[in-house]
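For clarity, every value in this text was computed on a predicted model and none was experimentally measured.
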Amino acid sequence: MLKAVLFDLDGVITDTAEFHFQAWKSMANSIDIDFDREFNEGLKGISRIDSLNKILKYGGVLEKYSDNQKMALANSKNAEYVELLSELKPDAIYPGIKELLDTLKMEEIKIGLTSSSKNGPRILDKLEINHYFDTVVNPALIENGKPAPDIFLSAAEELGVKPEDCIGIEDSESGITAIKDANMFAVGVGTEEVMEKAGADLIYKHTGELEFSGLLHSFKQT
Ligand code: G6P
Ligand code: MG
């Protein structure tokens with residue numbers, strides 16, 4: 001029985017995935033590493049430090065940077081990202097999300113945030129939707145980031161529900177893998193090819209197609 005819906009943030013609730021792309025690209029270019037959208041696809045859902053390590057490895061310079069230098073690079077990326085967030089307003093919430101949150105509340109289905117971003121609470125504040133969430137998992141306390149299932153399992157535990165009674169919604173390959181490995185129903189929003197490869201149970205091209213009755217219907221069929 002459906003008891004909770006767990007939302008990823010960047011690329012599901014709003015377009016901050018684009019801000020992450022811009023900030024990483026600018027950091028990578030500043031140390032002469034090429035950075036394109038195809039490579040960026042593999043960073044979605046991945047924590048700040050793991051993303052940085054992937055970028056440095058991609059540029060063939062992973063061993064050249066000390067931990068302190070890496071910290072400085074991660075901080076500079078985050079500073080640029082936070083600067084981009086200053087533009088964020090409630091009207092930036094993706095279509096269909098607010099309606100879905102309202103219906104979930106009405107149906108007494110619990111709502112969780114399962115984002116790897118340490119900026120998650122700040123973004124919910126800016127979008128003025130933090131009051132919808134029964135739990136916002138703190139990614140700093142999660143040992144294994146996505147694609148490991150830990151953040152989704154932790155949300156279920158915090159909400160006091162069983163994993164099989166949860167739906168997870170994600171836009172990244174790593175996120176869908178994490179949901180499936182947590183034994184939850186995975187809804188993918190994005191490119192069909194990417195979502196299918198990752199094993200999503202239900203795929204939508206845009207959040208505007210997300211709708212409670214459709215989700216519930218597909219969930220019940222599994
Ligand atoms: C999300 C995004 C990633 C980002 C990660 C950490 O999972 O999809 O692109 O790297 O969060 O975000 P943070 O705001 O903590 O750097
Ligand atoms: Mg995402």
Side-chain angles (χ1 to χ4, degrees), residues 4-24 40-51 77-78 80-102 104-105 109-142 145-156 158-159 166-179 182 184 186-191 194-195 198 200 204 206-208 210 215:
V5 176
L6 310 175
F7 289 80
D8 175 45
L9 173 59
D10 303 303
V12 168
I13 291 180
T14 188
D15 198 17
T16 38
E18 180 62 22
F19 292 168
H20 278 295
F21 166 69
Q22 287 176 23
W24 278 130
N40 182 66
E41 219 27 63
L43 298 184
K44 289 183 176 173
I46 308 293
S47 76
R48 196 179 307 166
I49 199 67
D50 289 349
S51 298
K77 181 267 174 180
N78 192 54
E80 182 161 344
Y81 177 68
V82 169
E83 182 66 36
L84 291 168
L85 289 182
S86 65
E87 298 165 15
L88 207 62
K89 304 244 158 29
D91 66 2
I93 299 171
Y94 273 151
I97 295 293
K98 201 78 183 286
E99 292 78 357
L100 180 58
L101 291 170
D102 278 325
L104 292 173
K105 274 276 166 257
I109 306 285
K110 296 211 164 117
I111 301 174
L113 191 80
T114 40
S115 167
S116 314
S117 174
K118 293 178 179 159
N119 290 294
R122 181 202 300 261
I123 295 172
L124 293 187
D125 268 351
K126 283 189 163 282
L127 298 177
E128 297 174 9
I129 51 172
N130 41 8
H131 57 283
Y132 284 103
F133 290 82
D134 299 295
T135 187
V136 173
V137 181
N138 180 355
L141 304 178
I142 302 294
K146 300 171 191 174
D150 304 29
I151 194 162
F152 288 95
L153 293 171
S154 172
E158 284 175 23
L159 293 171
C166 296
I167 288 178
I169 309 180
E170 269 284 354
D171 70 319
S172 69
E173 196 176 335
S174 63
I176 295 291
T177 305
I179 297 171
M184 297 177 181
V187 177
V189 181
T191 323
V194 177
M195 293 298 132
Y204 293 117
H206 307 287
T207 56
L210 277 170
L215 287 182

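With sequence neighbours excluded, no residue forms a salt bridge (charged side-chain N to carboxylate O under 4.0 Å, His left out) with Glu99. With sequence neighbours left out, Lys77 forms a side chain to side chain donor-acceptor pair (under 3.5 Å) with His20. Every side-chain contact (heavy atoms from CB on, under 4.5 Å) that Thr207 has, sequence neighbours left out, goes to Tyr94, Pro95, Ile97, Val189, Leu210. With sequence neighbours left out, the side chain to side chain donor-acceptor pair (under 3.5 Å) criterion links Thr135 to Glu158. Taking the side-chain contact (heavy atoms from CB on, under 4.5 Å) definition, one finds that Ala186 meets it with Ile176, Ile179, Lys180, Asp201, sequence neighbours left out. Partners of Asp150 under the side-chain contact (heavy atoms from CB on, under 4.5 Å) rule, at least two apart in sequence or in another chain, are Ile142, Asn144, Ala148. Applying the side-chain contact (heavy atoms from CB on, under 4.5 Å) test to Leu153 and every residue at least two apart in sequence or in another chain returns Pro149, Pro163, Ala182.
The CG atom of Leu85 sits 5.0 Å away from atom CD1 of Ile123, with the distance rounded to the nearest 0.5 Å. Atoms OG and CZ, on Ser116 and Arg48 in that order, are 11.5 Å from each other to the nearest 0.5 Å. Rounded to the nearest 0.5 angstrom, Ile167 CD1 and Leu215 CG are separated by 5.0 Å. Between atom OH of residue Tyr132 and atom CG of residue Leu104 there is a gap of 10.0 Å, rounded to the nearest 0.5 Å. Note: Ser115 OG to Ile13 CD1 = 8.5 Å, rounded to the nearest 0.5 Å.
Looking at Thr16, its side chain never comes within 3.5 Å of a backbone N or O of Phe19 through a donor-acceptor pair. Although no hydrogens or angles enter the test, the distance criterion places a donor-acceptor pair under 3.5 Å between the side chain of Thr14 and the main chain of Ala92. In this structure, the side chain of Ser51 engages the main chain of Ile46 through a donor-acceptor pair within 3.5 Å.
Considering only heavy atoms from C-beta on, Val137 stays 4.5 Å or farther from Leu6 through its side chain. In this structure the side chain of Ile111 never reaches within 4.5 angstrom of the side chain of Val5, judged on heavy atoms. Two residues are said to be in side-chain contact when any heavy atoms from C-beta on lie closer than 4.5 Å; Ile129 and Phe7 fail this criterion. When side chains are defined from C-beta on, Glu170 counts as touching Phe152, because their heavy atoms get closer than 4.5 Å.
Among residue pairs with one or both ends in residues 7-17, those qualifying as salt bridge (Lys or Arg N to Asp or Glu O under 4.0 Å) are Asp8-Lys146; sequence neighbours excluded. Among pairs with a residue in residues 112-137, those fulfilling salt bridge (Lys or Arg N to Asp or Glu O under 4.0 Å) read Lys105-Asp134, at least two apart in sequence or across chains.
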Checklist entry - Can you check side chain to side chain contact (heavy atoms under 4.5 Å, CB included) on Tyr204 and Met195, steps first, answer last? => result CA-CA 9 Å; Tyr204 293 117; Met195 293 298 132; over 6 Å; no
Item to check | From CA spacing to verdict: side chain to side chain contact (heavy atoms under 4.5 Å, CB included), Glu41, Phe21 | outcome: CA-CA 9 Å; Glu41 219 27 63; Phe21 166 69; over 6 Å; no
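Listed here is the closest heavy atom pair of Ala4 and Leu159: CB-CD1, 3.9 Å. Between Gly45 and Ser172, the closest heavy-atom pair is CA-OG, 4.1 Å.
Around the CD atom of Glu83, the shell of radius 6.0 Å holds no more than 12 heavy atoms that belong to other residues, nucleotides or ligands.
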